[in-house]
Amino acid sequence: MNYQKYRPMPVLDYREREWPNRQITKAPDWCSVDLRDGNQALIQPMNVDEKMEMFNLLLKLGFKEIEIGFPAASQIEYDFLRELVARDMIPDDVTVQILCQCREHLIERSFEAIEGIKNVVFHIYNSTSTLQREVVFHMSREEIKQIAIDGTRMVKERAKNFPGNLRLEYSPESFSGTEVEFSLECCQAVQDVWEPTPENPIIFNLPNTVEQTTPNVYADQIEWMDRHFKNRDCIILSVHPHNDRGCGVAATELALLAGADRVEGTLLGNGERTGNVDILTVAYNMFSQGIDPGLHLENINEIIDVYERCCKMEIDMRHPYAGQLVFTAFSGSHQDAINKGMHAMEEKNNGLWEIPYLPIDPADIGRQYEPVVRINSQSGKGGVAFVMESLYGFKLPKAMQGEFASVIQKISEKQGGEISPDEIFAEFKRQYIAKTYPFEFLKFRVEDIDDKTCMAWLVFKHNGQEVYAESQGNGPLDAIKKALKTKVDLDITILDYSEHTMSEGSDARAAAYVQLRDNRTGKTIFGAGDSSNITKAVIRAFFSALDRLFAEGV
């Protein structure tokens, strides 16, 4: 690999930085650029109907600033903007943003496009980077700055007759590849022409147009600009990060620490090359820290559905928050920790989400618990136990978890892949609930004789033959065991049993678990049963264990 052909980007010598000691405490102003920056990066750009669907989704999510497009450069985008106006689809509290180069005929056309809109951000830009000055424009710094000045003057002149609220946004495009002193010079030249006030501030958007270095360098650049702007109260400091190095989210978060007020990005990170910053990830990150993200993001499945349909792109299974597998644990140790965390949280009951490996509650963003733990050959007892409890209500005793998990692991290894919750539950029923040979429980009756003794009458089948038995014991289970032994030559010990309700209400069912040992062989095994009658559930669990203990005959 010929790494010598590359050279590192210059690092800003800025030792006064304060952003590393700060924390994000509130959401920024969000601006979606899905309909412009996102759309222009699609293999098949959205048609008008798809743009309408995406626009309505952005409104539903709570975006108050939406960049519609580049109406002066595309008839489709011009027509779409006019369609929004004609159909009165832009709410009064939503600002439409349009992009325009600093050229007179494009500015004229853009003002035609925004006619009748109440709130507009008029976004002008020109590239300022050292590389583009040299190889694209062949212009000096003064000539580049003059483009920004002339564009600002043209917008200001035409804005005098615009009846709505118009705010100027200026971007020194490829800001992160521009000397910060020159970026500041261009911005201040625009500021001098526009003359913003605290009541009507200007937006200075400092884009990481091509991400070329580590996020901390971008943060240094943002904080340097933030400190050196004059009349800072007249400025909204905006960032527009891209993701070329895979650090778009990190660069955005550090830029917010460094003083940014506003973020431009797209849903799920669609954009040129490796994409724009993913607004959803940044917003969900804030949510996970107890910060109101300022957007309505409770149903990520709806967002994914619209995004994939309009953009004709699929979400990667490991995409943060949105991916199919991001709330899934295959590892046995992870599954066990999640299972224990769920129980600990239930016991604490303090309203806080504190679950290992799950930074947020999947249900908070419209995801279900079912895929949180998925079972394959790498899974352990904790994962199987989680599936059985969270989906089917069976809280397996700890010793039983390993017993059943080994059954499932063998099936998964044989199949060579994942085993679904339905398959797990079907195997549980086959192994524990449905067995009727060599013993089959039919019916029983129990009566208390005194506080310490009860009488049991039992009807069951043994090797297909119906048997009647009765006996006394110190409880229903002990009495049933003794009744059974009056008819069948067994030497068994009840090692453990437990029970719990599976639901609430008049039709609630109970589950029970019994562990038996065959004293002649030393073999131990569990049985399980369920019923609307707790005593019957225990007896069914007892017979389940008998069948599993003597499956090949007595």
Side-chain angles (χ1 to χ4, degrees), residues 27-70 74 76-77 80-81 83-84 89-91 94 96-97 99 240-244 246-249 252 263-288 293-328 359-360 362-368 371:
D29 297 333
W30 302 109
C31 177
S32 161
V33 295
D34 289 89
L35 291 167
R36 198 276 301 173
D37 212 345
N39 185 56
Q40 75 182 34
L42 297 176
I43 297 173
Q44 183 181 343
M46 296 180 224
N47 58 36
V48 172
D49 289 341
E50 290 164 344
K51 283 192 171 189
M52 286 291 182
E53 184 175 11
M54 180 63 75
F55 180 74
N56 284 326
L57 173 65
L58 296 171
L59 293 180
K60 186 175 182 179
L61 297 181
F63 283 94
K64 298 304 180 185
E65 296 183 31
I66 302 172
E67 188 169 80
I68 298 300
F70 201 147
S74 167
I76 292 176
E77 295 189 11
F80 172 63
L81 185 52
E83 183 74 9
L84 291 177
M89 293 185 64
I90 305 171
V94 171
V96 165
Q97 180 168 304
L99 187 69
H240 183 115
H242 279 250
N243 197 45
D244 298 87
C247 300
V249 169
T252 302
V263 172
E264 293 187 350
T266 60
L267 302 179
L268 301 161
N270 176 43
E272 296 282 13
R273 304 177 306 281
T274 59
N276 288 47
V277 66
D278 178 357
I279 282 182
L280 294 185
T281 296
V282 179
Y284 284 133
N285 285 353
M286 292 180 182
F287 175 73
S288 75
L295 295 170
H296 305 301
L297 306 177
E298 299 87 353
N299 189 350
I300 198 167
N301 292 321
E302 179 185 14
I303 299 171
I304 293 169
D305 180 58
V306 175
Y307 172 89
E308 291 188 335
R309 182 166 55 253
C310 293
C311 298
K312 297 92 169 174
M313 296 175 68
E314 293 184 358
I315 302 302
D316 188 272
M317 288 191 292
R318 297 295 184 186
H319 192 105
Y321 299 101
Q324 182 183 352
L325 296 179
V326 297
F327 295 114
T328 297
I360 68 169
D364 284 338
I365 62 173
R367 300 290 293 269
Q368 300 299 314

Engineer: Scan I304, I365, V249, L297 and name whichever one has a side-chain contact (heavy atoms from CB on, under 4.5 Å) with L280.
Structural biologist: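 Of the listed residues I304, I365, V249, L297, the side-chain contact (heavy atoms from CB on, under 4.5 Å) partner of L280 is L297.
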
Engineer: With a 4.5 Å limit on heavy-atom distance, are the side chains of H240 and V33 in contact?
Structural biologist: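 Yes; the side chains approach each other to less than 4.5 Å.
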
Engineer: I360 and S288: which non-hydrogen atoms are nearest, and at how many Å?
Structural biologist: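 Closest approach of I360 to S288, heavy atoms only: CG2-CB, 3.4 Å.
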
Engineer: Please tell me if the side chains of L57 and Y307 come closer than 4.5 Å, counting only heavy atoms from C-beta onward.
Structural biologist: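 They are not in side-chain contact.
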
Engineer: Distance from N270 atom CG to M313 atom CE, nearest 0.5 Å?
Structural biologist: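 That separation rounds to 5.0 Å.
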
Engineer: Taking only residues at least two apart or on different chains, which pairs with a member in residues 31-43 satisfy salt bridge (Lys or Arg N to Asp or Glu O under 4.0 Å)?
Structural biologist: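 Residue pairs passing salt bridge (Lys or Arg N to Asp or Glu O under 4.0 Å), neighbours aside: R36-E67.
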
Engineer: Quick check: do P45 and Q40 have side-chain heavy atoms less than 4.5 Å from each other?
Structural biologist: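 The answer is no; the side chains never approach within 4.5 Å.
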
Engineer: Tell me whether N276 contacts the main-chain N or O of E264 through its side chain, where contact means a donor paired with an acceptor under 3.5 Å.
Structural biologist: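 Pair absent, no side-chain N/O of N276 close to backbone of E264.
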
Engineer: Fit a plane to each ring of Y321 and Y284, take the angle between them on a 0 to 90° scale, and name the class: parallel (under 30°), tilted (30 to 60°) or perpendicular (over 60°).
Structural biologist: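 Y321 and Y284: tilted rings.
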
Engineer: In Å and rounded to the nearest 0.5 Å, what is the CE to CG distance from M286 to L295?
Structural biologist: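 With rounding to 0.5 Å, CE (M286) is 9.5 Å from CG (L295).
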
Engineer: Quick one: which residue pairs count as a salt bridge (Lys or Arg N to Asp or Glu O under 4.0 Å) with a foot in residues 268-279, not counting sequence neighbours?
Structural biologist: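 Found D244-R273.
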
Engineer: Taking everything shown except I76 itself, do over 12 heavy atoms lie less than 6.0 Å from its CD1?
Structural biologist: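 Count not over threshold, so no.
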
Engineer: Given side-chain contact (heavy atoms from CB on, under 4.5 Å), test L58 with V94 step by step and report yes or no.
Structural biologist: CA-CA 11 Å; L58 296 171; V94 171; over 6 Å; no

Engineer: Could you tell me if the side chain of K51 sits less than 4.5 Å from the side chain of E77, heavy atoms only?
Structural biologist: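 The answer is yes; the side chains approach within 4.5 Å.
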
Engineer: Among residues at least two apart in sequence or on other chains, which ones pass salt bridge (charged side-chain N to carboxylate O under 4.0 Å, His left out) with E298?
Structural biologist: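 For E298, no residue satisfies salt bridge (charged side-chain N to carboxylate O under 4.0 Å, His left out) once neighbours in sequence are set aside.
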
Engineer: Taking ring pair (Phe, Tyr, Trp, His ring centres under 6.0 Å) as the test, write out the residues that go with F70, two or more places apart.
Structural biologist: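 By the ring pair (Phe, Tyr, Trp, His ring centres under 6.0 Å) rule, F70 matches no residue at all.
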
Engineer: What are the two closest heavy atoms between C31 and I279, and how far apart are they?
Structural biologist: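 In terms of heavy atoms, the two residues are closest at O-CD1, 3.7 Å.
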
Engineer: Is a donor on one side and an acceptor on the other found under 3.5 Å between the side chain of N56 and the backbone of M52?
Structural biologist: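 Yes; at least one donor-acceptor contact below 3.5 Å.
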
Engineer: Can V326 and R367 be said to form a side-chain contact (heavy atoms from CB on, under 4.5 Å), step by step?
Structural biologist: CA-CA 10 Å; V326 297; R367 300 290 293 269; 4.1 Å; yes

Engineer: Kindly indicate whether the side chain of L84, heavy atoms from C-beta on, has any atom under 4.5 Å from the side chain of I68.
Structural biologist: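 In short, these two side chains touch, coming nearer than 4.5 Å.
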
Engineer: Taking C-beta and beyond as the side chain, do L61 and L267 meet within less than 4.5 Å on heavy atoms?
Structural biologist: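 L61 reaches L267 side chain to side chain.
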
Engineer: Would you say N285 and T281 make side-chain contact, with heavy atoms under 4.5 Å?
Structural biologist: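 Yes, their side chains come closer than 4.5 Å.
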
Engineer: For F63, enumerate each residue passing the ring pair (Phe, Tyr, Trp, His ring centres under 6.0 Å) test, keeping only those at least two apart in sequence or located in another chain.
Structural biologist: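 With neighbours one apart ignored, the set is empty.
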
Engineer: Where is the tightest heavy-atom contact between C310 and L42, given as atom of each residue plus distance?
Structural biologist: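 For C310 and L42, the tightest heavy-atom pair comes out as O-CD1, 4.4 Å.
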
Engineer: Does a side-chain N-to-carboxylate-O contact under 4.0 Å join E302 and K60?
Structural biologist: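 Salt bridge present between E302 and K60.
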
Engineer: Is any side-chain heavy atom of L59 closer than 4.5 Å to one of M89?
Structural biologist: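 In short, these two side chains do not touch, never coming nearer than 4.5 Å.
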
Engineer: Would you list the pairs meeting salt bridge (Lys or Arg N to Asp or Glu O under 4.0 Å) in which at least one residue belongs to residues 310-323, sequence neighbours left out?
Structural biologist: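 Residue pairs with at least one partner in residues 310-323: E50-K312.
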
Engineer: Identify the heavy atoms of P293 and A283 that sit nearest to each other, and give their distance.
Structural biologist: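 For P293 and A283, the tightest heavy-atom pair comes out as CB-O, 3.6 Å.
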
Engineer: On a heavy-atom basis, which atom in A41 and which in G271 lie closest, and how many Å separate them?
Structural biologist: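 Closest approach of A41 to G271, heavy atoms only: CB-C, 3.3 Å.
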
Engineer: Rounded to the nearest 0.5 Å, how far apart are CZ of R309 and CE of M54?
Structural biologist: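 The CE atom of M54 is 9.5 Å from CZ of R309, to the nearest 0.5 Å.
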
Engineer: Closest approach of N243 and G248, non-hydrogen atoms and distance?
Structural biologist: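 Here N243 and G248 meet closest at OD1-N, 2.7 Å.
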
